[in-house]
Amino acid sequence: SGSYKDRITSWDVVNEAVDADTGLMRETAFTRHVPAEKVLDITFHTAREVLPTGQLVYNDYMSWEPGHAKHRDGVLRLLEGFRKRGTPVDALGVQSHIMVVEGGPKYEEAAWKRFIDEVVGMGYDLLITEFDVNDKGLPGDIAARDKGVADYARAYLDMMLSYKQTGDVLAWGMVDKYSWLQGFTPRADKKSQRCCPYDDAFRPKPLRDAIAASLRGAAKRG
């Protein structure tokens, strides 16, 4: 409505349109009748009419851990299609629900960098929109776990913030006990996830320090 549009500078217009398992477009009530690309194009063109100068974002959860190759490829095809058709999409929202898997940190750094390079090469900006760290693969000891979470987050954020195209960094929860991960992916040892920048008593953790250090070391924005 008119009362809000003047205050919105960035809008997550479409979320998770790509099936993570196949890399194809998800089926919805709309795509059963109209091609998926047309549905999304109409959505973004309508958003542009409402928000002529704001940033319009496509948001998804492809990640740098193993098992995301099809998802990344599908998102790239979608973004390429937007550019070819002149769809007004300004940025890719990278949810950044990163996870330390069983056996310790595993991530496909080279493949992820190629993905991000292709995204920015098409002229898209980047946002980190839903950042947290799933600690399921780390031991129960709190000090060791907090260090593992912080180190993993620092590696990820350092890479993402090395791109000048990365703008906002949004945490998907600030305090551990309120995180969606507590119920969505509980630890095998039943201990609470330590996935957010602040603990249950609202005290800053090593993850908070890692985020701050990555922000301080980020590439300068012109």
Side-chain angles (χ1 to χ4, degrees), residues 8-26 35-45 47-48 51 53-99 105-134 152-172 211 214-215 217-222:
I8 297 172
T9 58
S10 182
W11 186 358
D12 178 359
V13 179
V14 174
N15 188 57
E16 300 176 10
V18 176
D19 187 295
D21 295 325
T22 66
L24 303 176
M25 300 295 293
R26 294 181 188 273
E37 290 79 6
K38 187 170 184 179
V39 172
L40 297 189
D41 287 354
I42 290 171
T43 303
F44 276 103
H45 280 290
R48 178 57 77 214
L51 199 68
T53 60
Q55 183 186 59
L56 303 184
V57 182
Y58 172 72
N59 193 58
D60 215 325
Y61 62 90
M62 61 284 131
S63 191
W64 71 343
E65 284 94 15
H68 286 260
K70 287 183 179 179
H71 199 177
R72 292 192 297 261
D73 289 346
V75 169
L76 282 178
R77 286 194 298 271
L78 178 63
L79 296 177
E80 289 168 354
F82 286 151
R83 282 293 180 256
K84 289 176 182 177
R85 299 190 301 274
T87 310
V89 183
D90 302 309
L92 172 66
V94 183
Q95 291 184 14
S96 304
H97 294 296
I98 61 176
M99 178 171 66
K106 294 184 179 68
Y107 50 93
E108 300 172 337
E109 183 171 1
W112 182 250
K113 190 173 188 306
R114 285 195 299 272
F115 170 75
I116 297 296
D117 285 345
E118 290 200 49
V119 172
V120 300
M122 287 187 270
Y124 291 101
D125 286 330
L126 302 167
L127 300 90
I128 294 173
T129 55
E130 304 181 21
F131 178 77
D132 53 24
V133 186
N134 189 321
Y152 192 54
R154 182 72 191 272
Y156 178 79
L157 292 174
D158 280 354
M159 170 177 276
M160 291 298 294
L161 291 169
S162 72
Y163 290 87
K164 295 180 179 180
Q165 292 87 349
T166 303
D168 299 347
V169 179
L170 306 175
W172 203 242
I211 295 169
S214 287
L215 289 169
K220 291 185 183 297
R221 273 62 176 160

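- For the pair S214 (side chain) and I211 (backbone), a donor-acceptor distance under 3.5 Å is absent.
- A donor-acceptor distance shorter than 3.5 angstrom exists from the side chain of S96 to the backbone of V94, with no hydrogens or angles considered.
- Residues M122 and L76 form a side-chain contact, since some pair of their non-hydrogen atoms from C-beta on lies under 4.5 Å apart.
- Using a 4.5 Å heavy-atom threshold, the side chains of V57 and L127 count as touching.
- In terms of heavy atoms, K106 sits closest to P66 at O-CD, 3.4 Å.
- Summarising the geometry of L126 relative to I116, their closest heavy-atom pair is CD1-CG2, 3.8 Å, with the distance given to 0.1 Å.
- Rounded to the nearest 0.5 angstrom, R154 CZ and M159 CE are separated by 14.0 Å.
- Looking at every heavy atom in both residues, A91 comes nearest to Q55 through CB-NE2, 3.6 Å.
- Checked against a 6.0 Å centroid threshold, the rings of Y107 and W112 do not count as neighbours.
- At a threshold of 4.0 Å, the pair D73-R77 does not count as salt-bridged, since none of the basic side-chain nitrogens sits closer than that to a carboxylate oxygen.
- Between F82 and F44, the ring center distance clears the sub-6.0 Å criterion.
- Between Y58 and the options N15, L78, V13, a side-chain contact (heavy atoms from CB on, under 4.5 Å) holds for only L78.
- Put simply, the side chain of H97 gets close to the backbone of E130: a donor and an acceptor are under 3.5 Å apart.
- Judged by distance alone, with hydrogens and angles left aside, the side-chain atoms of R48 form a donor-acceptor pair with the main-chain N or O of L51 at under 3.5 Å.
- The heavy-atom pair separating D21 from K70 by the smallest distance is O-CD, 3.2 Å.
- Taking 4.5 Å as the limit, some side-chain heavy atom of D60 sits within range of a side-chain heavy atom of H71.
- Minimum heavy-atom separation, A219 to S162: CB-O, 3.6 Å.
- For the atom pair CG of D12 and CG of L170, the computed distance is 10.0 Å after rounding to the nearest 0.5 Å.
- Proximity of L40 to M25: side-chain heavy atoms (C-beta onward) are separated by under 4.5 Å at one or more points.
- Side-chain atoms of Y124 and R83, non-hydrogen and from C-beta on, do get closer than 4.5 Å to each other.
- Under the 3.5 Å distance criterion, the side-chain polar atoms of R85 are left unmatched by any main-chain donor or acceptor of E80.
- Looking at heavy atoms from C-beta onward, V133 lies out of side-chain contact with Y156 at the 4.5 angstrom threshold.
- The backbone N or O of S63 lies less than 3.5 Å from a partner atom in the side chain of R72, making a donor-acceptor pair.
- Between the side chain of R221 and the main chain of T166, a donor-acceptor pair closer than 3.5 Å is present.
- Aromatic ring orientation, H68 versus Y61: perpendicular (interplanar angle above 60°, classes split at 30° and 60°).
- Although no hydrogens or angles enter the test, the distance criterion places a donor-acceptor pair under 3.5 Å between the side chain of E65 and the main chain of M99.
- In terms of heavy-atom proximity, G54 sits nearest to D90 at O-OD2, 3.4 Å.
- Under a cut-off of 6.0 angstrom, the local environment of NZ in K164 is sparse, with at most 12 non-hydrogen atoms contributed by other residues, nucleotides or ligands.
- Atom CG of L56 and atom OG1 of T43 lie 11.0 Å apart (nearest 0.5 Å).
- At least one side-chain heavy atom of V75 sits less than 4.5 Å from a side-chain heavy atom of L92.
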